[in-house]
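Taking it in order: structure first as structure tokens, then the write-up.
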Amino acid sequence: MRTEKNFETDAIRNQMDRTPYSEHSTPLFLTSSFVFDDAEDMRASFAEEKEKNLYSRFTNPNTTEFIDKIVKMEGAESGYAFATGMAAIYATFAALLSAGDHIVSARSVFGSTHTLFTKYFPKWNISTSYFKVEEVDQIEDLIQPNTKILYAETPTNPGVDIIDLEVLSKVAKKHNLILIIDNCFATPYIQKPIHFGADIVVHSATKLIDGQGRVLGGVAVGREDLIREIYLFARNTGPAMSPFNAWVLSKSLETLAVRVEKHCENALKVAEFLENHPKVNWVKYPFLKSHPMHEVAKKQMKFGGNIVAFEIKGGIEAGRTFLNKIKMCSLSANLGDTRTIVTHPASTTHSKLSIEDRMEVSITDGLVRTSIGLEHIDDIISDFEQALS
Ligand SMILES: *Cc1c(COP(=O)(O)O)cnc(C)c1O
């Protein structure tokens, strides 16, 4: 008998041990602490001679189930779950870096991650250099003797650019850097960065992992020795995921494969529709042949993801008009929801950047970012069609 199960099966069948109540679905352990049999049990548990839950800031059966599933899905050795994606990203850096260290990062990263690099890390004398996503061949020029981490997201937000994970991994190995990938836009169903050489993968579980716009969550998985440092940092500083959110998110993982596959099928159809529309200058979607990094996307991704970016003809005003005419889809800051969401970065999330800085991360005036949901494809396209007319 084959003992290795497939992704979908593991997502459903990897469960914590049943309690004496013989429940079928995983119960919710809303408890802040756990009890010990006697003084010796308590001593051995605190000394980590036994694997036992002590206190839910450290571990909890629900968070452990969620972590175990993501660890398996990403092909990692170990992991830890956080209250939000940003808590996972912050704790990962904070645990692994010391004052004086240097980060090399892709220029296009999630806004709050960028704020960590520019506003907070300099307080501790941690500096960051940036490479353009289309210039991975120049990363080595940015490496200094004190560089410790190489960091990137792929696909990127909101430009849907693709970075070659194999190239990043080669540079990281050659210079002994820790390669950290934010795999939020892809999910482990579509892309497994560890397979290409990443040391740590971080996620905002708030997005496609929850997939239904309900709870916040984050997770970091990867090399055992590094996760141990991250775990110890988290255990003492307190950004743990709540057991309730872990219970919701572990349930969400049971349907991740079917949901994500449908998201991607809808997104490809929307991308094809937009590509042929006269009011659209260009469309960026990894699984369109016109994407500049289509071949790399095909190499490292199973599907193209659910984010489609396109540029409307007519600049900022045309972008705002498109949003105003949208009837069914949502104007919201989230992404990876069952509901299709549209945003116009130039007039909202990135409006404070100078035009030059926006262009550096390819946010043109007419750029619209869409997170394609699970509504019927005909209804999504007809909403876009009437809003473009
Ligand atoms: C949303 C997001 C984050 C932050 O996650 P939160 O759960 O909102 O803290 C980090 N990275 C990417 C790529 C994201 O989309």
Side-chain angles (χ1 to χ4, degrees), residues 63 66-67 70 74 79-94 103 105-120 128 133 149 151-163 165 168 180-188 190-191 193 198 200-221 230 234 237-242 244-246 248-249 252-253 260 263 267 284 286 301 305-309 330 332-337 339 341-343 345 348-350 361-363 369-373:
T63 51
F66 170 71
I67 294 163
I70 300 278
E74 291 281 8
Y80 194 72
F82 297 86
T84 66
M86 279 324 299
I89 293 168
Y90 172 69
T92 297
F93 281 114
I103 302 164
S105 168
R107 195 174 289 278
S108 313
V109 291
F110 186 69
S112 295
T113 307
H114 190 256
T115 305
L116 287 182
F117 294 159
T118 51
K119 183 167 176 194
Y120 295 103
T128 308
V133 293
I149 285 174
Y151 185 85
E153 295 169 12
T154 180
T156 64
N157 177 31
V160 204
D161 288 308
I162 299 292
I163 307 177
L165 291 168
L168 294 183
I180 304 177
I181 300 295
D182 183 334
N183 199 27
C184 171
F185 273 34
T187 81
I190 292 187
Q191 171 176 279
I200 293 184
V201 169
V202 290
H203 278 285
S204 166
T206 314
K207 313 295 169 53
L208 284 164
I209 288 179
D210 173 63
Q212 289 145 90
R214 302 165 298 183
V215 300
L216 298 163
V219 64
V221 302
I230 296 166
T237 54
M241 175 180 279
S242 92
F244 177 77
N245 287 9
V248 170
L249 291 165
S252 300
L253 288 177
V260 167
H263 273 289
K284 275 278 253 332
M301 299 170 78
N306 85 314
I307 308 294
V308 181
S330 313
S332 173
N334 195 26
L335 59 92
D337 195 303
R339 299 163 189 82
I341 294 167
V342 297
T343 56
T348 58
T349 46
H350 295 73
V361 286
S362 10
I363 297 168
R369 186 196 74 184
T370 66
S371 163
I372 304 303

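Note that this is a predicted model, so its numbers are computed, not measured. Start at 1 and go down the list; that is how both ligands and their atoms are numbered.
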| Hey, is Asn157 touching ligand 1 through its side chain, its backbone, both or neither, going by heavy atoms under 4.0 Å? | neither
| query | How about Phe93 and Phe117: are their ring centroids closer than 6.0 Å? | reply | yes
| query | Distance from Leu335 atom CG to Asn306 atom CG, nearest 0.5 Å? | reply | 7.0 Å
| Point-to-point distance, once rounded to the nearest 0.5 Å, from CG of Leu165 to CD1 of Ile181 | 5.0 Å
| message | For atom 12 (C) of ligand 1, what is the closest protein heavy atom, and at what distance to 0.1 Å? | response | Asp182 OD2, 3.4 Å
| request: May I ask whether Val202 has any heavy atom positioned less than 4.0 angstrom from an atom of ligand 1? | output: no
| Nearest-neighbour protein heavy atom for atom 7 (O) of ligand 1, which is reported as residue plus atom name and distance | Thr206 OG1, 2.6 Å
| said: Could you work out, for atom 6 (P) of ligand 1, the closest of Ala87, Ser108, Gly85 by heavy-atom distance? | reply: Gly85
| query | Does any N/O atom on Lys207 come nearer than 3.5 Å to any N/O atom on ligand 1? | reply | yes
| request: Taking Ser371 for its side chain and Gly336 for its backbone only, find out whether a donor-acceptor pair lies under 3.5 Å. | output: yes
| request: State, yes or no, whether a side-chain contact exists between His263 and Ile372 at a heavy-atom distance under 4.5 Å. | output: no
| task | Quick one: pull up CD1 in Ile89 and OH in Tyr151 and give me the separation to the nearest 0.5 Å. | result | 3.5 Å
| task | Taking atom CZ of Arg339 as the centre, report whether more than 12 heavy atoms of other residues, nucleotides or ligands fall under 6.0 Å from it. | result | no
| query | What's the spacing between Lys207 NZ and Asn183 CG if we round to 0.5 Å? | reply | 12.5 Å
| task | Compute the shortest N/O to N/O distance between Thr113 and ligand 1 and return yes if it is under 3.5 Å, no if not. | result | no
| request: Consider every N or O of Met86 and every N or O of ligand 1, then say whether any pair is closer than 3.5 Å. | output: yes
| query | Among protein heavy atoms, which sits nearest to atom 8 (O) of ligand 1, and what does the distance come to when rounded to 0.1 Å? | reply | Ser204 OG, 4.2 Å
| query | Short list, please: which atoms of ligand 1 are under 4.0 Å from a heavy atom of Ile89? | reply | 10 (C)
| Nearest protein heavy atom to atom 4 (C) of ligand 1, by residue and atom, and its distance? | Phe110 CE2, 3.4 Å
| field | ligand 1 contacted by Gly217 (non-hydrogen, < 4.0 Å) | value | yes
